[in-house]
2 protein chains.
Amino acid sequence: MDKSSTNKNIKLSDVARLAGCATGTASRALSRPDMVSKDVIKRVQAAVEKLGYTPNNAAKSLRSRRSNLIGIVIPTIDHSIFAQAVNALENRLSQLGYSLLVTTSQFDLKRELQQTQMLVERGSEGVVLVGRMHDPELYEFLRIRGIPYINTYAYRPSEGHPFVGFDNSKATAQIAEYLFTLGHADIGVISGATKDNDRATDRVAGVKEAYRARGKELPPDRITEQPYTISGGREGLRYLLSKGKRPTAVVCSSDILAFGALSECNALGLHVPEDISIIGFDDHELAAHLRLTTMQVPAVEIGQRAAEYLVAKLNGDPVPDHAELEVRLIARGTAGPPSRKTASARTEKAR
Amino acid sequence: MDKSSTNKNIKLSDVARLAGCATGTASRALSRPDMVSKDVIKRVQAAVEKLGYTPNNAAKSLRSRRSNLIGIVIPTIDHSIFAQAVNALENRLSQLGYSLLVTTSQFDLKRELQQTQMLVERGSEGVVLVGRMHDPELYEFLRIRGIPYINTYAYRPSEGHPFVGFDNSKATAQIAEYLFTLGHADIGVISGATKDNDRATDRVAGVKEAYRARGKELPPDRITEQPYTISGGREGLRYLLSKGKRPTAVVCSSDILAFGALSECNALGLHVPEDISIIGFDDHELAAHLRLTTMQVPAVEIGQRAAEYLVAKLNGDPVPDHAELEVRLIARGTAGPPSRKTASARTEKAR
DNA sequence: TTGTAGGCGTTATCAT
DNA sequence: ATGATAACGCCTACAA
């Protein structure tokens with residue numbers, strides 16, 4: 001390592017000169033060592049080392065038309081379930097020789113479109129998207145440019161897009177069915193904002209479908225939309241309690257909401273699951289700790305599979321366009337049979 | 001929007017031809033509209049629209065020697081406190097016209113070096129680092145190439161590097177001092193792995209320093225290192241209880257560890273804070289919910305400031321190299337005065 | 001096996 | 001204000 005030099009603009013031709021060969025040869029020595037003599041390779045490597053040469057990726061990309069960059073547009077990174085997937089995605093991409101460009105849509109489909117275009121301009125060869133509903137122009141943009149992409153955290157192959165994830169509405173339908181089996185007949189739903197959010201929308205829809213499958217309907221006042229926060233969950237629970245007879249069970253579309261609901265039950269002196277059952281979604285790191293019954297989401301596998309899918313596509317390798325991953329209902333302590341006695345009208349206590 | 005064409009390889013010269021001007025003029029029309037006539041701008045924009053032109057970023061970077069890319073190497077994204085900072089960093093960078101390349105070191109300094117070099121090869125103009133201890137070669141690499149960088153989540157200006165963050169050892173010293181003031185004299189520490197992790201190391205050191213400031217020493221068997229998980233926290237608490245008389249308070253170097261410790265106390269029938277005080281670090285989203293007394297860390301501000309610092313440096317704008325951000329001890333329900341009666345030796349219950 | 005030379009798409013420079 | 005031309009650093013035919 002040459003310590004004194006301020007070797008900023010070392011280029012391959014400098015390496016070649018020092019190694020006593022042509023630039024093209026030096027290039028081959030580095031990227032196709034099998035096409036070059038042992039001796040030259042050694043000299044080139046020595047020169048690289050001595051000069052502290054780093055390839056210029058812009059030039060490489062320009063010439064080779066390959067950036068080795070993958071982009072992801074995520075609603076927000078500040079969400080443990082997405083963070084886990086991004087982490088897994090990055091690790092797998094890194095192993096496969098790709099780097100990850102991360103950007104956020106803030107749950108705004110127009111912004112998602114803009115950010116995707118930006119990622120592509122920046123050279124992303126493939127794009128990871130969250131959910132299944134995107135601006136139609138987004139799909140068109142990707143199609144025209146021939147950029148491979150994959151929808152994650154959702155599964156709806158009939159829509160004709162590549163998916164790695166699970167069907168959100170089937171997942172909550174399964175939760176509701178589980179509650180029905182336990183004996184519940186009156187279920188409330190605390191949802192995150194459904195606008196521009198197909199995961200949230202589908203999760204609410206799943207509960208409705210489960211009702212319909214039993215020939216019933218989920219009443220509109222059994223659904224409340226709240227911000228994805230603890231206090232959103234608390235507020236949601238209070239809302240549900242304020243509508244006449246209280247539901248015997250509550251399905252939350254994220255664990256954070258469920259934590260808030262749990263917290264509010266605690267504050268109100270409601271016993272879980274005796275007085276009311278609460279079920280979450282995600283299997284957050286702390287769900288086990290709080291004994292929350294919840295739906296486990298394969299975030300890590302989603303990240304890994306998305307990486308593998310895109311890289312396979314880019315290499316022209318065959319790879320299925322649809323991977324339905326398993327979600328698993330983890331029965332812990334917050335859901336049980338409804339209590340025999342009719343729920344006493346204690347809603348006034350809820351403010 | 002031209003729907004039928006498969007406009008992949010539209011270049012600026014195509015736009016220029018359609019707009020009836022020279023390539024260079026078209027370039028200026030897009031990037032320096034003030035140097036070009038209104039008329040040409042309009043024609044160029046129309047041509048861009050019609051052809052669906054997207055600039056080739058590799059060519060742009062190669063020629064202009066600017067990538068508008070910033071890189072970050074983070075131990076893991078899968079950690080709410082880092083996720084928050086990355087989220088804030090990305091949002092701020094996006095506003096400033098930069099994109100973010102994210103990569104992870106997995107708490108390994110050699111890997112951190114490699115990843116940093118990779119980020120720079122990929123064209124990052126600036127680099128965000130976590131912590132203050134890095135491979136010396138990393139600093140050298142950045143210095144030689146003249147790449148601006150900033151250390152985050154730490155503050156030690158005497159080391160001669162740019163910092164935006166807080167002094168981890170001062171923070172835990174403050175926690176220990178708070179406990180001393182409450183009347184505690186025997187404090188245990190549950191730390192994350194300190195290897196290659198200056199934040200963890202400094203946090204342990206802070207408690208030691210607080211002891212020394214009072215002319216005492218923190219006994220080695222009052223410190224345990226555990227993985228950053230709930231069960232790490234539980235295990236850590238059990239370890240501390242297994243060493244003779246139990247400490248009256250425990251400082252955890254992250255909230256996750258504290259949640260585990262709390263959980264274990266609960267399982268053991270230990271009342272918090274009557275029997276034992278527990279303090280965390282981070283002010284995790286759920287800390288308020290669990291009434292955890294903890295140190296609040298300005299993750300969002302760290303992310304924003306890091307973005308602003310690097311962009312200012314790249315623009316040649318003056319900007320201070322050191323920003324010490326405030327941490328704040330949030331007193332909630334898990335720390336209080338030690339109980340009067342001598343703690344009964346109930347350690348055998350802790351397995 | 002190695003050298004030579006042209007071009008990837010853009011912006012900068014120098015004219016006009 | 002605009003046009004022409006030359007790089008930016010690398011890779012890859014093609015020639016030797």
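Being a predicted model, the structure only gives us computed values, none of them experimental.
The aromatic rings of A/F163 and A/H161 sit perpendicular, their planes meeting at an angle over 60°, well past the 30° parallel limit.
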Inset, instruction - Give the B/S/- string for nucleotides 4-11 of chain C, one per nucleotide from 5' to 3', where a protein heavy atom under 4.0 Å of the base yields B, of only the sugar-phosphate yields S, and otherwise -. - result: B-BBBBBB

Result block: side-chain N/O donor-acceptor pairs under 3.5 angstrom for residues 12-29 of chain A, not counting sequence neighbours:
{"unit_1": "A/D14", "atom_1": "OD1", "unit_2": "A/R17", "atom_2": "NH2", "d": "3.1"}
{"unit_1": "A/D14", "atom_1": "OD2", "unit_2": "A/K11", "atom_2": "N", "d": "2.9"}

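Counting to the nearest Å, the P atom of D/dC11 and the CG atom of A/L30 are 8 Å from each other. Distance A/D14 CG to D/dG9 C1': 10 Å, rounded to the nearest Å. The interatomic distance linking A/L51 (CG) with D/dG9 (P) rounds to 14 Å, in whole Å. When the P atom of C/dT16 is taken as reference, atom CE of B/M35 falls 19 Å away, rounded to whole Å.
Between the side chain of A/T152 and the backbone N or O of A/L129 there is at least one donor-acceptor pair closer than 3.5 Å. Although no hydrogens or angles enter the test, the distance criterion places no donor-acceptor pair under 3.5 Å between the side chain of A/N57 and the main chain of B/G123. No donor-acceptor distance shorter than 3.5 angstrom exists from the side chain of B/S105 to the backbone of B/V73, with no hydrogens or angles considered. At least one donor-acceptor pair closer than 3.5 Å links the side chain of B/D198 to the backbone N or O of B/M133.
With no hydrogens or angles considered, no side-chain donor-acceptor pair links A/H79 and B/N87 at under 3.5 Å. Under 3.5 Å, the side chains of B/R111 and B/Q114 contain no donor-acceptor pair of N or O atoms.
One end of the helix from C/dT1-D/dA16 to C/dT16-D/dA1 points its axis 30° away from the other end's axis, with each axis taken from 5 pairs and the angle rounded to 10°.
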